[in-house]
Each structure stands twice: as structure tokens, then as C-alpha cells.
2 protein chains.
Amino acid sequence: MKVKGASCISCPMDPVLKAVTGRWTTTILWNLSSEGPLRFGALMGLMPEISAKVLTDRLKMLERNGIVLRTQKPTIPPEVSYEMTEHGRDLHQALRSLHEVALKWDAEGWKPGEGFPEDPLPRAAE
Amino acid sequence: MKVKGASCISCPMDPVLKAVTGRWTTTILWNLSSEGPLRFGALMGLMPEISAKVLTDRLKMLERNGIVLRTQKPTIPPEVSYEMTEHGRDLHQALRSLHEVALKWDAEGWKPGEGFPEDPLPRAAE
DNA sequence: GTAACCGGTTACCAAAATGAAAGTAAAAGG
DNA sequence: CCTTTTACTTTCATTTTGGTAACCGGTTAC
């Protein structure tokens, strides 16, 4: 009688959240989703604070989950690139929505740990 | 010269992702977003595997970030409830998109660690 | 007198995640 | 022969995180 239509303990959100949220994971997905295929080194360049070990771990997990596709050219030195799979691209809209929120909050002066300043728009104080 | 319009090292995604993704955080936000205000005990009930300590931690962080609002009635025993702030509600669309992905992947047989079965639609094998 | 209620807090400890650095492969260029 | 390149892998030490369990306050029910 309280069901509003969406939330539930056993709804399939949990496993998906485990797969796509978490340290670095969403950042990687956002980069791949907005930039297209990227080589390992390019991803490292976009995320200067990640270590090769962790990036490798996350990419492997995303690949196991069928969200990211790894393509290796058998050249020397090797050229490996990563991109969203067809399934992975389902996340495009969610990632774009998150990005929009990020832009909005940034414009409103939001800061991690401090939240928002009193008023989003200093001009035209009501 | 390669800018396509969205991704960038210093774009405001990183701090927002730190605030809204992470273990349990997104689940809490999804519950509050889809169910409306919830008491501490109700949140515990919706997430049977979380501990009180971790739930408290996450709620405090979300409150510090201006995403969640904590309301305490000075009754005995106390009644505390949590809800999305006005700013926090900016996440509604992103959370709904994520939920849609979760429903779709679930319908396609996606499993964490195993990805998708060969074909989303067993019928009409090509 | 004392246990229960709710929404926590605190201390302690084990487990997991992370970071830095070095190593690996195999060929091409000096 | 030695270095450079890319994309890792491995090792080790450190940091972070999580779980458990006990405790808290103030009032009511037993």
C-alpha cells in the first residue's frame, strides 16, 4: 500500500551501482562515454591522480561486466584502446545528467564538504 | 584541438562524483529520491546490509554537502528523518536514468562479474 | 528497579583498497 | 649494446574502510 512505483530492497539497482559507481569507475566511464575510444595512456593522462594498477583493475572489472570493450593491436609496442560496449552506452544518458548536475552545482558555487553558499545567484537578492 | 565539447581533466565532475557515488551513497540517494523523506530506521530497513555507523557517516557527508536535509523532532524517543534538499533534487533525473539502465540490464540477464549473456533476446538467434 | 525505544557515538580491530616503484615483454632506433 | 616505447604486473608498505559491540539519554511500560 506504500509502493510508489520505484524503490525496493531487491530492485536491480544494487548490482548495477556496484559495477558503475565507486572510486574512479564513474570517472573512467564518463571519459570513455564523452570522448570515445581512448588508449590506456590517454586515460592515464585524463586522470593524473590514478595509478596504473588501479586503472587496470577498474578496466578489467568493467570489461568483465560487459560495459567496456578492450581492443589490442598486436603491434610493438602494443596499442590498446578502450571504449564503451553497446550495452555500456546505455549509461550515456545517466552520465550526461550527472554532468549537467556537476555544471549547475559548479556554477552555483558548490564545494565538496561545504555544500552551497547561501544563495545560488548573488545578484538580484530576493 | 581535440576538444569535443564535454570531457576535461578539470571539469567539475570529479568533486560531484566523490560526493554522490561510492559505497552506499548512491543507494541512499536513490531511496530518498524515489521514496521521499525517510526515518533513520526506515533507511536501515531498506538497506539490510548497511551498519548504523556507515549509514550515519554517509548521511552526515551528504548533509555537509547540502544534498540531504536532516530534520529532528525533539520528541522522546527522537524522530529523525532525511530527505533530499532542493539542490539534491537536481540528481533526480540522473538517478532515474540509472534506474532505467538497471531495469534494462536486469531484463537482459546481466549479472555482476559475468556481464551479459550472448544475446539479449534469446529468440531470433542470428 | 529496570528493560525497551530511537538514533545515534565511540573504541577497537581486521580486512580491503591504494600508492609508489620496479620489473616485463619485444622490437625498433641510436 | 643500450635506450625507448606501451601497457601492463608484481611487490611491498601504507592508508582507508568496515564491522562489532558497547554505550548514551530521557521517558514510558512493566
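Each chain gets a letter, A, B and so on, in the order its sequence line appears, and its residues count up from 1. All values derive from a computational prediction rather than experimental measurement.
Taking side-chain N and O atoms only, B:R39 has no distance below 4.0 Å to OP1 or OP2 of C:dC5. Taking side-chain N and O atoms only, A:R70 has a distance below 4.0 Å to OP1 or OP2 of D:dC8. Note on A:T56: every side-chain N or O is 4.0 Å or more away from OP1 and OP2 of D:dC8. Listed pair A:R23 / C:dA17 fails the phosphate criterion, with no side-chain N or O lying under 4.0 Å from OP1 or OP2.
Among C:dG8, D:dG19, D:dT9, the nucleotide with an atom closest to any side-chain atom of B:Y82 is C:dG8. The side chain of A:K53 lies closest to C:dT18 when the candidates are D:dG26, D:dC8, C:dT18. Taking the side chain of B:V54 as heavy atoms from C-beta on, and the options D:dG19, C:dT18, D:dT9, the nearest nucleotide is D:dG19. Each of D:dG19, C:dT18, D:dC8 was ranked by its minimum atom distance to the side chain of A:F40; first place goes to D:dC8. Proximity note for B:P78 (side chain, C-beta onward) versus C:dG7, D:dT20, C:dT18: the nearest is C:dG7.
When heavy atoms are screened at a 4.0 angstrom cut-off, B:K60 is found touching the sugar-phosphate backbone but no base atom.
Each of B:V80 and B:I76 has a nearest nucleotide on DNA chain C; the 5'-most of these lies closest to B:I76. Mapping B:I50 and A:P77 onto DNA chain D by nearest heavy atom places A:P77 at the nucleotide closer to the 5' end.
Rounded to an integer number of Å, the gap from CD of A:E79 to P of D:dC8 is 12 Å. C:dA17 atom C1' lies 17 Å from atom NZ of A:K18, rounded to whole Å. The nearest whole Å value for the distance from the CE atom in A:M44 to the P atom in D:dC8 is 11 Å. The nearest whole Å value for the distance from the NZ atom in B:K73 to the C1' atom in C:dC6 is 14 Å. The nearest whole Å value for the distance from the CG atom in B:L55 to the P atom in C:dT9 is 11 Å. One interatomic measurement links the two molecules: CG of B:L59 to P of C:dT9, which rounds to 10 Å at whole-angstrom precision. Atom CD of A:E49 is separated from atom P of C:dT18 by 14 Å (rounded to the nearest Å). For the pair B:M61 CE and D:dT17 P, the computed distance is 11 Å after rounding to whole Å.
A:L38 has its side chain within reach of A:E35: a pair of non-hydrogen atoms, C-beta onward, lies under 4.5 Å apart.
Taking the six-membered ring for Trp, A:W110 and B:H87 have ring centres at least 6.0 Å apart.
Note on A:L69 and B:W105: separate hydrophobic clusters, where clusters join Ile, Leu, Val, Met, Phe, Trp and Tyr whose side-chain heavy atoms are under 4.5 Å apart, directly or indirectly.
Minimum interatomic distance between A:V20 and A:T25 (heavy atoms only, all atoms of both residues): O-CG2, 3.8 Å.
Separation of atoms OG1 (B:T27) and CD1 (B:I50) is listed at 8.0 Å; rounding is to 0.5 Å.
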